[in-house]
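Bear in mind that the values here come from a model prediction, so they are computed numbers and not experimental data. Indexing begins at 1, ligand by ligand and atom by atom, following the structure's order.
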Amino acid sequence: MQPKDMNGKELAHKIKENLQHRIDAFNEENGFSPKLAIVYVGEDPAAATYIKSKQKTCKKMKIETELFHFPAATSLEDLRVELKKLNSDRSIHGIIIELPLPAHIPFFEAVAEIDPEKDVDGLHPANLGWLFAGNPFYIPNTPMAVMKLIEEYKIDLKGKEVVIIGRSLAVGKPLIALMISKNATVTVCHTKTKDLSYHCLRADIIVVAAGKAHLLKGDMVKEGAVVIDVGINVTDEGLMGDVDYNDVYPKASLITPVPGGVGPITVTMIIENTLEAAILQAGKKHLPSNILSLSGNNSGNNG
Ligand code: NAD
């Protein structure tokens, strides 16, 4: 029997190897490294852990990072001022805002302040607009990580029923555009969806990004479905995905474990976008290359 696990660690390793050659070449040619600014407001323990892990991976791959940590009471206006400073700092090529932000700062308003050329998370309204127009600039990291797994495991999305659970700006919404660009038929479920099982049971591919530990059970999944778990939930029993892995495993044809599925690829996507941002800002080229790899599907085609 074929192994069912989609191995994100292995794929991330492969992507990193390729990326490292490109980073080394960039650093040698330009005499400096791509630099990522990480903007973090408040004191969320999970966010602090993710930041450390991003910084560690960036350092290993010779991407510079700088953390800009602001108190939880920082106002949207003050944050905007700080982001403007980062926009005009020519030594910084990429800017990401770590989530969650304190409740009084709407993410959409904060991210809109980032220069779209430095928005390596791809979540600026202009970049989301380009993505939905079928002509993406920077592709959001987590949705792109999902697509990389799909590509690696040669899953043909054409005409397939894809159910995405979660409609967040960072994951669920950009995934709609990416899945459509590969000719899938997409259904998006969320907290107000009446019958989640009904939708999931007809899905060929289910992507879960709800932030609810073990939300997806075996009896909600069609025999042979592909199940991709984006969720990371810190619980008393340890780190858990949104998929009840043991329960779903017998039904799935392919499934991502947590940890070791989508997560390891996400950070490589941030690094890739930061490299592309540095190349772009060094005036070497007009469009990031991972963008080009997605085109040629339905770009500009509404049919
Ligand atoms: P979010 O809280 O912004 O959005 C969650 C979405 O899930 C919402 O749209 C909501 O409507 C939907 N939802 C919640 N409960 C539901 C339910 N019971 N039924 C149907 N829909 C439901 O979260 P997010 O930022 O999109 O993150 C989702 C999960 O993915 C979290 O666990 C987060 O930690 C994880 N995450 C992982 C990575 C990674 O690299 N693997 C990256 C980003 C986020």
Side-chain angles (χ1 to χ4, degrees), residues 6-9 11-12 15-16 38 40 44-54 56-58 96-103 105-108 110-111 120-123 128 139-150 162-178 186-201 203 206-217 220-221 227-235 237-245 255-273:
M6 300 170 91
N7 192 330
K9 265 194 199 159
L11 177 56
I15 295 171
K16 276 184 194 164
I38 303 172
Y40 170 36
D44 182 81
T49 313
Y50 295 144
I51 290 169
K52 271 196 197 126
S53 133
K54 275 177 205 160
K56 200 171 139 196
T57 311
C58 284
I96 59 173
I97 299 174
E98 198 62 38
L99 289 173
L101 280 170
I105 304 182
F107 176 71
F108 191 68
V111 80
V120 292
D121 260 342
L123 298 173
L128 285 173
I139 298 171
N141 303 300
T142 308
M144 191 59 196
V146 171
M147 299 311 284
K148 289 273 180 187
L149 273 170
I150 284 174
V162 172
V163 167
I164 301 168
I165 308 180
R167 56 176 163 179
S168 72
L169 193 68
V171 189
K173 280 181 182 152
L175 253 182
I176 301 169
L178 293 171
V186 180
T187 303
V188 182
C189 298
H190 45 77
T191 43
K192 302 292 181 290
T193 297
K194 279 190 184 142
D195 188 346
L196 189 59
S197 291
Y198 162 78
H199 294 286
C200 292
L201 275 168
I206 307 177
V207 184
V208 198
K212 293 279 172 296
H214 288 188
L215 172 68
L216 191 78
K217 304 283 183 194
M220 298 163 78
V221 177
V227 178
I228 299 179
D229 190 353
V230 176
I232 302 174
N233 305 286
V234 183
T235 73
E237 293 152 62
L239 206 67
M240 278 188 182
D242 287 353
V243 175
D244 188 338
Y245 177 89
I255 184 166
T256 54
V258 174
V262 176
I265 308 165
T266 301
V267 64
T268 66
M269 297 296 100
I270 300 173
I271 292 173
E272 178 162 12
N273 277 351

#### Entry: Working for side chain to side chain contact (heavy atoms under 4.5 Å, CB included), residues D242 and L216
CA-CA 6 Å; D242 287 353; L216 191 78; over 6 Å; no
### Query
Counting each atom of ligand 1 from 1 as listed, which ones have a heavy atom of G211 under 4.0 Å away?
28 (C), 29 (C), 31 (C), 32 (O)
### Task
Heavy-atom contacts with N233 under 4.0 Å: which atoms of ligand 1 show up? List them by number with element.
32 (O)
### Message
I need the single residue from L175, I139, T142 that forms a side chain to side chain contact (heavy atoms under 4.5 Å, CB included) with M147. Which is it?
### Response
L175
### Task
Return yes or no for this condition: an N or O of V171 is under 3.5 Å from an N or O of ligand 1.
no
### Query
Which atoms of ligand 1 sit under 4.0 Å from any heavy atom of R167?
6 (C), 8 (C), 9 (O), 11 (O)
### Task
Heavy-atom contacts with T266 under 4.0 Å: which atoms of ligand 1 show up? List them by number with element.
39 (C), 40 (O)
### Task
Would you check the N or O atoms of Y50, main chain and side chain alike, for any that come under 3.5 Å of an N or O of ligand 1?
no
### Query
Does the side chain of M269 reach to within under 4.5 Å of the side chain of I15, using non-hydrogen atoms?
yes
### Message
Looking only at distances, can you tell me whether any N or O atom of S168, backbone or side chain, sits closer than 3.5 Å to an N or O atom of ligand 1?
### Response
yes
### Message
Below the 3.5 angstrom mark, is there an N/O of L196, backbone or side chain, next to an N/O of ligand 1?
### Response
no
### Message
List ligand 1 atoms under 4.0 Å from I165, heavy atoms only on the residue side.
### Response
20 (C), 21 (N)
### Task
Decide yes or no on side chain to side chain contact (heavy atoms under 4.5 Å, CB included) for C200 and I165, but give the supporting numbers first.
CA-CA 9 Å; C200 292; I165 308 180; 3.8 Å; yes
### Message
Side chains of L128 and K173, heavy atoms from C-beta outward: is any pair under 4.5 Å?
### Response
no
### Task
Would you mind telling me if ligand 1 is within reach of the side chain of T142, the backbone, both or neither, using heavy atoms under 4.0 Å?
side chain
### Message
Can you confirm whether some protein heavy atom lies under 4.0 Å from atom 34 (O) of ligand 1, or whether none does?
### Response
yes
### Message
Any atom of ligand 1 sitting under 4.0 Å from a heavy atom of A209?
### Response
yes
### Task
Side-chain contact test, heavy atoms from C-beta onward, threshold under 4.5 Å: evaluate it for T191 versus R167 and give yes or no.
yes
### Query
Against heavy atoms of K212, which atoms of ligand 1 measure under 4.0 Å?
15 (N)
### Message
Out of all atoms in ligand 1, which are within 4.0 Å of some heavy atom of G263? Include the element for each.
### Response
40 (O), 41 (N)
## Note on the structure
Within the 4.0 Å heavy-atom cut-off, what V267 brings close to ligand 1 is neither
### Query
Of the listed options (L216, V188, T256, V230), which comes nearest to atom 30 (O) of ligand 1 when hydrogens are ignored and any heavy atom counts?
V230
### Query
Numbering the atoms of ligand 1 from 1, which are under 4.0 Å from a heavy atom of G166?
6 (C), 7 (O), 9 (O), 12 (C)
